Student: 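Would you mind keeping the following structure in view while I ask a few things?
Note: hydrogens, waters and symmetry copies are ignored here, and every other heavy atom, side chains too, is used. Predicted model only: the values in this text are computed from it and were never measured.
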Amino acid sequence: MTVLDETYTLANGVEIPKLGLGTWFIDDDKAADAVRAAVEAGYRNLDTAQAYGNERGVGEGVRTCGVPRAELFVSTKLAAEIKDYDRAVEAIDGSLEKLGIDYVDLMLIHSPQPWDDFRGGDYARGNREAWRALEDAHRAGRIRSIGVSNFQRHDLENIAQDATVAPQVNQLLVHAGNTPSELLAYCESQEILVEAYSPIAHGAILDNARVRGMAEKYGVSVPQLCIRYTLQLGTVSLPKTANPAHMRSNAEVDFEISGADMDVLRDLDDVDYGEHTVFPVYSGR
């Protein structure tokens with residue numbers, strides 16, 4: 001048994017694999033091959049988003065990978081700009097059509113604010129409207145689980161005001177050097193499972209001398225150490241790659257980081273995203 005066989009159980013009883021494939025920056029015409037390679041390597045958790053522009057390709061990969069649909073966990077995300085019920089309903093329909101599947105296992109609101117106003121204005125009402133659309137699709141059986149991404153505590157509390165179904169997932173930027181411990185603890189207290197995207201810090205951590213030294217100590221690569229770190233935090237880890245060799249390597253994380261070393265990785269705060277700070281999630285806002 002490897003990490004690819006391990007699952008968490010969401011608050012609604014749905015099982016989700018602990019390790020998944022992130023598909024951000026995988027072009028639509030390459031996404032099907034990436035999905036098929038991941039499934040062949042043993043992955044069953046596949047994550048995409050409307051904003052990635054590759055739902056069609058991911059769906060093709062899901063339909064042609066040779067593994068029954070029921071054995072896969074497919075996630076997508078409602079575009080961050082959609083903050084009203086009608087557009088959300090239309091977008092949910094659009095995702096299912098592009099993916100070419102009857103249901104998704106998880107759908108998230110991608111961000112509490114549109115990307116061009118990330119961590120900016122007040123979209124509380126719009127998020128509640130988008131959430132209502134997800135709830136309706138969930139009740140209709142078109143989405144097995146619903147959640148959010150990049151939501152802070154106050155954003156989650158806003159959703160809870162009117163929710164008839166509580167968020168089951170919050171997908172967050174979590175990696176060594178960016179560990180939002182208070183938010184992680186709050187999500188755990190609310191039975192909200194956290195998914196860690198960019199567990200390798202979008203590559204920014206690869207040259208960190210302290211992390212490299214720790215990886216050498218365990219006889220693993222820096223990505224393997226970073227993925228293992230997020231798993232030991234109790235999150236789903238979603239490293240993104242289209243490289244089959246990296247997919248296989250990323251799953252070779254059956255080792256244990258000591259408590260002391262977990263503390264070192266948790267306390268890191270010197271990750272420089274460099275050119276990637278142009279993306280709102282890496283901008284420090």
Side-chain angles (χ1 to χ4, degrees), residues 8-14 16 24 47-52 75-95 104-140 142-175 178-198 233-236 238 279-285:
Y8 295 113
T9 302
L10 299 178
N12 65 344
V14 171
I16 178 172
W24 187 26
D47 180 83
T48 184
Q50 293 172 359
Y52 298 172
S75 305
T76 193
K77 306 175 195 72
L78 188 67
E81 295 72 24
I82 297 174
K83 300 300 179 195
D84 65 82
Y85 178 84
D86 290 341
R87 289 180 65 212
V89 168
E90 183 180 356
I92 292 166
D93 291 343
S95 278
V104 291
D105 298 277
L106 174 66
M107 192 163 191
L108 313 173
I109 298 175
H110 206 158
S111 168
Q113 301 88 20
W115 295 122
D116 62 3
D117 194 24
F118 189 62
R119 305 297 185 221
D122 182 3
Y123 300 91
R125 180 176 178 180
N127 284 317
R128 293 196 300 270
E129 288 293 296
W131 186 254
R132 185 162 62 90
L134 289 182
E135 288 181 322
D136 286 350
H138 175 61
R139 276 189 289 270
R142 307 180 76 207
I143 307 173
R144 294 179 69 214
S145 309
I146 53 178
V148 295
S149 182
N150 298 298
F151 273 49
Q152 301 295 313
R153 176 171 178 166
H154 67 273
D155 300 312
L156 292 165
E157 291 172 340
N158 169 60
I159 292 290
Q161 289 183 36
D162 299 331
T164 59
V165 179
Q168 290 137 9
V169 167
N170 190 9
Q171 191 177 119
L172 299 170
L173 176 64
V174 180
H175 59 76
N178 188 83
T179 306
S181 297
E182 289 186 8
L183 183 54
L184 292 176
Y186 176 74
C187 288
E188 183 178 6
S189 75
Q190 301 300 306
E191 297 187 300
I192 300 170
L193 180 68
V194 170
E195 293 186 308
Y197 70 79
S198 295
L233 287 175
T235 72
V236 171
L238 295 171
F279 296 105
V281 295
Y282 301 127
S283 68
R285 285 186 283 179

Student: What do the steps show when you test Tyr282 against Leu173 for side chain to side chain contact (heavy atoms under 4.5 Å, CB included), and what is the final call?
Tutor: CA-CA 8 Å; Tyr282 301 127; Leu173 176 64; 3.7 Å; yes

Student: Sequence neighbours left out, what passes salt bridge (Lys or Arg N to Asp or Glu O under 4.0 Å) with Asp155? Give chain and number order.
Tutor: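 By the salt bridge (Lys or Arg N to Asp or Glu O under 4.0 Å) rule, Asp155 matches no residue at all.
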
Student: If you round to the nearest 0.5 Å, how far is CH2 of Trp131 from CG of Asp162?
Tutor: 12.5 Å

Student: State, to 0.1 Å, how close Ser111 and Asn127 come at their nearest heavy-atom pair, and which atoms those are.
Tutor: O-OD1, 4.1 Å

Student: Strictly by modelled atom types, are Asn150 and Tyr197 linked by a side-chain donor-acceptor pair under 3.5 Å?
Tutor: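 Yes.
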
Student: Just wondering, do Ser145 and Asn12 contact through their side chains at under 4.5 Å, heavy atoms?
Tutor: yes

Student: Decide yes or no on side chain to side chain contact (heavy atoms under 4.5 Å, CB included) for Ile16 and Asp105, but give the supporting numbers first.
Tutor: CA-CA 9 Å; Ile16 178 172; Asp105 298 277; over 6 Å; no

Student: Quick one: CD on Glu90 to CZ on Arg87, what's the gap to the nearest 0.5 Å?
Tutor: 8.5 Å

Student: Do you know which two heavy atoms are closest between Met107 and Ser95, and how far apart they sit?
Tutor: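 It is CE-OG, 3.8 Å.
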
Student: Kindly say whether Ala79 contributes a backbone atom to a donor-acceptor pair with the side chain of His110 at under 3.5 angstrom?
Tutor: no

Student: Apply side chain to side chain contact (heavy atoms under 4.5 Å, CB included) to Asp47 and Tyr52, showing your working.
Tutor: CA-CA 10 Å; Asp47 180 83; Tyr52 298 172; 3.9 Å; yes

Student: Between Phe118 and Trp115, how do the two ring planes meet: parallel, tilted or perpendicular, split at 30° and 60°?
Tutor: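 Tilted: the ring planes of Phe118 and Trp115 meet at 30° to 60°.
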
Student: Could Arg132 and Glu129 be called an ion pair, given the rule that one side-chain N must be under 4.0 Å from one carboxylate O?
Tutor: yes

Student: Taking Glu157 as the fixed residue, which of Arg153, His154, Gln161 is the one that meets the side-chain hydrogen bond (donor to acceptor under 3.5 Å, both in side chains) rule?
Tutor: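 Exactly one candidate clears the test, Arg153.
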
Student: In Å, rounded to the nearest 0.5 Å, how long is the span from CG of Asp122 to CG of Asp117?
Tutor: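 Asp122 atom CG to Asp117 atom CG measures 10.5 Å (nearest 0.5 Å).
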
Student: Check this for me: does any side-chain nitrogen of one of Arg142 and Asp136 sit under 4.0 Å from a carboxylate oxygen of the other?
Tutor: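 No.
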
Student: Which heavy atom of Gln113 sits nearest to which heavy atom of Arg119, and what is that distance?
Tutor: OE1-N, 2.9 Å

Student: Would you please test Ile109 and Lys83 for side chain to side chain contact (heavy atoms under 4.5 Å, CB included) and show each step?
Tutor: CA-CA 9 Å; Ile109 298 175; Lys83 300 300 179 195; 3.7 Å; yes

Student: Enumerate donor-acceptor pairs with a distance under 3.5 Å from any side-chain N or O in residues 185-196 to protein atoms, sequence neighbours excluded.
Tutor:
residue: Ser189; atom: OG; partner: Tyr186; partner atom: O; Å: 2.6
residue: Glu195; atom: OE1; partner: Gln171; partner atom: NE2; Å: 2.9

Student: If you measure only the distance, is there a donor-acceptor pair under 3.5 Å linking the side chains of Thr164 and Arg139?
Tutor: yes

Student: Please find the pair of heavy atoms, one from Ser149 and one from Leu108, that lie closest to each other, and give the distance.
Tutor: CB-CD1, 4.3 Å

Student: Out of curiosity, Asn158 CG to Arg128 CZ, how far, rounded to the nearest 0.5 Å?
Tutor: 4.5 Å

Student: Search all heavy atoms of Ala130 against all heavy atoms of Ala88 and return the closest pair with its distance.
Tutor: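 What the structure gives for the nearest pair is CA-CB, 4.1 Å.
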
Student: Within this structure, what is the CD1-CG distance for the pair Ile92 and Leu78, rounded to the nearest 0.5 Å?
Tutor: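 Ile92 atom CD1 to Leu78 atom CG measures 6.0 Å (nearest 0.5 Å).
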
Student: Taking all atoms of both residues into account, what is the closest heavy-atom pair of Ser198 and Trp24, and its distance?
Tutor: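 For Ser198 and Trp24, the tightest heavy-atom pair comes out as OG-CZ3, 4.4 Å.
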
Student: Mark yes or no for whether Gln168, through its side chain, and Ile146, through its backbone, hold a donor-acceptor pair below 3.5 Å.
Tutor: yes

Student: Keeping the roles fixed (side chain from Thr179, backbone from Ser181), state whether a donor-acceptor pair exists under 3.5 Å.
Tutor: no

